[in-house]
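Beneath this line is the structure, given in structure tokens, with notes to follow.
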Amino acid sequence: LNILPTITYDQTPVHVGLAFDSVWNLVDERTIIITDSNVMAYWGHLLADRPTLVVPSGEDQKSLSNLEDMVFRLLAFGADRGSFLLGVGGGVICDLTGFLASVFMRGIPFAFVPTTLLAQVDASIGGKNGVNCGPFKNMVGTFNQPQFVLTDPQFLSTLPDMEFANGLAECIKHACICSAAYFDWIETNLEGILQRDRALLEVLILESVRIKCDIVSRDPLEKGERKLLNFGHTYGHAIEKLNGLAHGQAVSLGMVMANELALKRKMLDPSAEQRVIRLLDKAGLPTDTGLLDRERLLALVRNDKKKREDQIAFILLNSIGQAVIEKIVLHD
Ligand SMILES: NC(=O)c1ccc[n+]([C@@H]2O[C@H](COP(=O)([O-])OP(=O)(O)OC[C@H]3O[C@@H](n4cnc5c(N)ncnc54)[C@H](O)[C@@H]3O)[C@@H](O)[C@H]2O)c1
């Protein structure tokens, strides 16, 4: 695999494997850090007494009412148009920081130090941000790119196993849709990855970041190719809602369901389908779709905001490393 320490997309440099300390060379004294209570507890000692706005951890922080509260807290720090926001945390912090910076005084610059695997390979890349409105995920937000992303794998040493597996689901997704070689590499190195071997984590993150950056730089506003990143997410979002599973677990089951559909349509080879299931299993992700209520899931998929008329764009695999967008009629 091709190893590059910095990948640039849409003029945003993503520094992978750089030690967190280097961040002080990239920001100025007008910087305000945004983080959550868990990251603060584990890694607060790295934040060097900079003004830091700490929110409780959890998805329910991604709300408009919390955002208003954060605006007042920024003002109390003396924030103005010359301020810079640095989000240090998981995907929730990236989404909140990106959105807050995009609308605070009509927009101030921002950057991310992602601290979960999911945020390092996914949420920090691509410029999407936003908050939820009641049950509607990411209903209000913008496309806006950070000034930089600094990804230091040391943060993953304190990440709970289930959160780590959530991120791995996205890495496996990237391999499934874009790179058979990356899929082989994850299969071969999974044991070391699960032990959080730093050198392996750097390759894992780089390869996923490279794939996501390639796709979003060709299709920043999700008009076409970027939809491939939704592999496993069409059913995944519905499973997340209906079964109350964590995002990565739901995406794992969503990928298995998408592959079942591809198998039924004779697009995917049964041996490839089984290979994906084996890898997800070994990564500690759920793959048994037998207990899922398919009718209720389909009803939820029908209500998804990404639905276009009577068709749904499903991402299906032709083979490991090659995905296509298939428009499927709802009663299919
Ligand atoms: N903008 C995008 O393109 C995009 C893409 C994917 C996901 N997302 C969003 O990302 C969010 C999910 O991200 P997530 O899985 O990182 O969730 P998260 O931010 O809630 O982090 C998961 C948990 O890990 C804790 N944590 C973070 N870093 C830690 C560390 N180093 N050690 C120990 N604990 C740590 C957090 O406090 C939290 O409890 C969702 O809101 C989703 O919508 C956005």
Side-chain angles (χ1 to χ4, degrees), residues 9-10 12 14 20 34-47 54-63 66 87-102 110 112-133 135-146 149 151-171 173-174 196 201 205 208-209 212-213 215-216 219-222 226-227 229-233 236-237 240-241 245-252 254 285 305:
Y9 75 97
D10 205 10
T12 298
V14 183
F20 177 76
I34 313 243
T35 192
D36 78 17
S37 48
N38 286 336
V39 177
M40 193 63 189
Y42 286 116
W43 299 101
H45 58 282
L46 297 182
L47 302 183
V54 184
V55 298
S57 74
E59 180 73 21
D60 55 4
Q61 290 304 302
K62 278 178 52 174
S63 71
N66 181 44
V88 181
V92 166
I93 290 299
C94 294
D95 280 4
L96 269 175
T97 304
F99 188 48
L100 183 57
S102 301
F110 64 100
F112 298 138
V113 176
T115 62
T116 62
L117 182 58
L118 185 133
Q120 293 182 343
V121 300
D122 194 359
S124 65
I125 314 286
K128 280 187 186 176
N129 59 53
V131 296
N132 308 324
C133 285
F136 302 106
K137 262 198 78 128
N138 303 320
M139 189 46 85
V140 177
T142 71
F143 281 101
N144 194 6
Q145 303 297 344
V149 179
T151 292
D152 181 348
Q154 77 160 323
F155 288 108
L156 303 183
S157 63
T158 55
L159 196 65
D161 286 346
M162 199 172 95
E163 300 298 345
F164 189 76
N166 282 340
L168 263 182
E170 300 295 342
C171 299
K173 175 195 81 178
H174 290 143
R196 322 240 176 136
L201 288 179
I205 296 163
S208 267
V209 166
K212 183 153 186 196
C213 287
I215 293 178
V216 299
D219 179 17
L221 300 180
E222 199 171 320
R226 188 168 177 165
K227 292 190 199 328
L229 292 166
N230 291 332
F231 175 54
H233 286 60
H237 284 143
E240 197 174 344
K241 251 189 210 164
L245 292 182
H247 182 72
Q249 298 196 330
V251 167
S252 174
L285 289 158
K305 66 180 187 289

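When a ligand or atom number is given, it counts from 1 through the structure's own listing order. It should be emphasised that the depicted structure is a prediction, and the values quoted were computed from it without experimental measurement. All residue numbers in this chain count up from 1 along the given sequence.
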**Prompt:** Taking only heavy atoms of F155, which atoms of ligand 1 are found under 4.0 Å from at least one of them?
**Reply:** 30 (C), 31 (N)
**Message:** If only side-chain N and O atoms count, and only distance matters, is there a donor-acceptor pair under 3.5 Å linking S57 with D36?
**Reply:** no
**Item:** Taking atom 40 (C) of ligand 1 as the reference point, the nearest protein heavy atom with its distance
**Value:** E59 OE1, 3.2 Å
**Prompt:** Should the proximity of L159 to ligand 1, defined as any heavy atom under 4.0 Å, be assigned to the side chain, the backbone, both, or neither?
**Reply:** both
**Item:** ligand 1 contact by E170, heavy-atom criterion under 4.0 angstrom
**Value:** no
**Request:** Looking only at distances, please establish whether an N/O atom of ligand 1 is found under 3.5 Å from an N/O atom of L156.
**Result:** no
**Prompt:** Under 3.5 Å between some N or O of ligand 1 and some N or O of T116?
**Reply:** yes
**Asked** Is the closest side-chain donor-acceptor distance between H247 and E59 under 3.5 Å?
**Response** no
**Message:** Please list, in number order, the atoms of ligand 1 under 4.0 Å from a heavy atom of T158.
**Reply:** 30 (C), 31 (N), 32 (N), 33 (C)
**Request:** Tell me yes or no: between the side chains of E222 and N230, is some donor less than 3.5 Å from an acceptor?
**Result:** yes
**Basic-acidic side-chain contact under 4.0 Å: R196, D161** = yes
**Message:** Given 3.5 Å as the limit, does a donor-acceptor pair link the side chain of T12 with the main chain of P146, or not?
**Reply:** yes
**Request:** Report yes if G89 has an N/O atom closer than 3.5 Å to an N/O atom of ligand 1; otherwise report no.
**Result:** no
**Prompt:** Do any N/O atoms on I125 end up under 3.5 angstrom from N/O atoms on ligand 1?
**Reply:** no
**Prompt:** For ligand 1, is any non-hydrogen atom under 4.0 Å from H233's backbone (N, CA, C, O), its side chain (CB onward), both, or neither?
**Reply:** neither
**Item:** N or O pair under 3.5 Å between T115 and ligand 1
**Value:** yes
**Message:** If only side-chain N and O atoms count, and only distance matters, is there a donor-acceptor pair under 3.5 Å linking W43 with T115?
**Reply:** no
**Under 3.5 Å donor-acceptor, K128 side chain and F143 backbone** = no
